[in-house]
2 protein chains.
Amino acid sequence: MTRGLTDRQAQVLEFINNFLSRQGYPPTVREVAAQFGFRSPRAAHDHMKALQKKGFLRAAPGLPRALNVVGHAKHIPLLGRIAAGQPMLAVEEADEYLDLDPTFFGHGSFFALSVRGDSMVGDHIQEGDLVILRSQADAFSGEVVAVLLEDEVTLKHFHPVADGVELRAANPLVKTIKVRPEDSLRILGVMVGLVRKV
Amino acid sequence: MTRGLTDRQAQVLEFINNFLSRQGYPPTVREVAAQFGFRSPRAAHDHMKALQKKGFLRAAPGLPRALNVVGHAKHIPLLGRIAAGQPMLAVEEADEYLDLDPTFFGHGSFFALSVRGDSMVGDHIQEGDLVILRSQADAFSGEVVAVLLEDEVTLKHFHPVADGVELRAANPLVKTIKVRPEDSLRILGVMVGLVRKV
DNA sequence: ATTCATACTATACGCAGGTTTAGGTTAGGG
DNA sequence: CCCTAACCTAAACCTGCGTATAGTATGAAT
């Protein structure tokens, strides 16, 4: 929950988080400015100052890249549910964060989903597991993907077929979903890992 | 596996790791130098260059704090095998490290084991999974434990019975092991989590 | 014997980057 | 209607920090 932040401030914070997980170190003021097309570092600096004042960021004065995103909000956002109708996955929806080694699962932007139901037990993915996904809008055949289908997020095997896409579960009791090209299917990411707390 | 590194280089790498986890951002060359009492940044820079050449560190040239520690170094040691006859689990035996949020699985001292075989498929633990364990020498009935039995480490359900201990697998094809009190059974830790890389 | 890698001191160059000063525009609240 | 906050440009200041040059010392390897 990013309460009390303006849109721009939330965007800046999100960028800093993404930069951190992709690069392994925080961005400079100018790198933030470049991301948003600011012609002066001052603009980025202002937003970062505001984030500090509101307690979302800590910075050691004078030192380059000496940033801390507070509120243990780092690395991998854990998305419980996805708001319907959003054009993009907003990080603001994240309830919690997982602090994992960002290089452990490879490169890219990641998020986590808590698994509900037993549609993937065949792959030894059980209820309550946290599935780690790399954000991407396409997938290879056979990969496990998180898809947004009619305002619901599900985890399925992705299989393109002649006249659309089949979404298969790893549970014989759950029947395959057939998606036509005209249906609103969006791939949120592909599974790259799993974390279980017992 | 910190082989191929000199003592100093290993110390520098460890410091960079510690700095990273405490501060949230990597140190500068001069901060490394200060830590070791070097009177010239050149000394630290040399060691960091050596670490880069050996593949333990990546650095963007010219940019301050733009460091990446490669090769998963920290927090949870991943134990592939356990040397026989050792009185304690020496952390030096670790081949690799997992960098997880240390508070994610609770408190204590942790290590990880790579799962071989399918004796725990009933619990949805499959080959190649990394099982996270809290180091402790005892366990409650029913908990999943890693035990050292005749120079071999196995993952089993722990069940004390009248005349000893039963170690049960989560696979009907694998038969239960009965351990008498006089046998050399040592519990290494209890399972607290699981990480899977797909 | 003499090359090499390790491990440092001392000094300095130059630019990346945090920060400041000095503005401008827009929207909202009292 | 003023006042503040948000949001930005432009230009400059100055120091932190990566890096280079020039050495010294040691020990292992060839």
Hey, quick one: are A:Ile177 and A:Val190 part of the same hydrophobic cluster, counting side-chain heavy atoms closer than 4.5 Å, chains of contacts allowed? yes
Any ion pair linking A:Lys156 and A:Glu166 (charged N to carboxylate O, less than 4.0 Å)?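 No, this pair does not count.
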Hey, are B:Arg196 and A:Asp129 close enough for a salt bridge, meaning a charged N less than 4.0 Å from a carboxylate O? no
Relative to each other, are the rings of A:Phe19 and A:Tyr25 parallel, tilted or perpendicular (30° and 60° limits)?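 Because their plane-to-plane angle is over 60°, the rings of A:Phe19 and A:Tyr25 count as perpendicular.
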Parallel, tilted or perpendicular: rings of A:Phe15 and A:Phe36 (30°, 60°): perpendicular
Closest non-hydrogen atom pair, B:Pro41 against B:Val29: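 Here B:Pro41 and B:Val29 meet closest at O-CG1, 3.4 Å.
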Provide the closest heavy-atom pair for B:Leu155 versus B:Val131 in the form atom of the first, atom of the second, distance.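 Heavy-atom minimum between the residues: CD2-CG2, 3.7 Å.
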Using a cut-off of 6.0 Å, state whether more than 12 heavy atoms not belonging to A:Asp163 lie near its atom CG. yes
Over how many whole Å does the gap from [X] atom [atom1] to [N] atom [atom2] extend?
X	N	atom1	atom2	answer
B:Lys54	C:dA5	NZ	P	11 Å
A:Leu5	D:dC7	CG	C1'	15 Å
A:His47	D:dT9	NE2	P	10 Å
A:Arg39	D:dC7	CZ	C1'	15 Å

I'd like to compare against my own output: the B/S/- annotation of nucleotides 24-30 of chain D with a strict under-4.0 Å heavy-atom distance to protein. -------
Determine, for nucleotides 14-30 of chain C in 5'-to-3' order, which nucleotides have protein heavy atoms under 4.0 Å from the base (write B), from only the sugar-phosphate (write S), or from neither (write -). --SBBBBBB--------
For C:dA5, does either OP1 or OP2 sit under 4.0 Å from a side-chain N or O belonging to B:Thr6? no
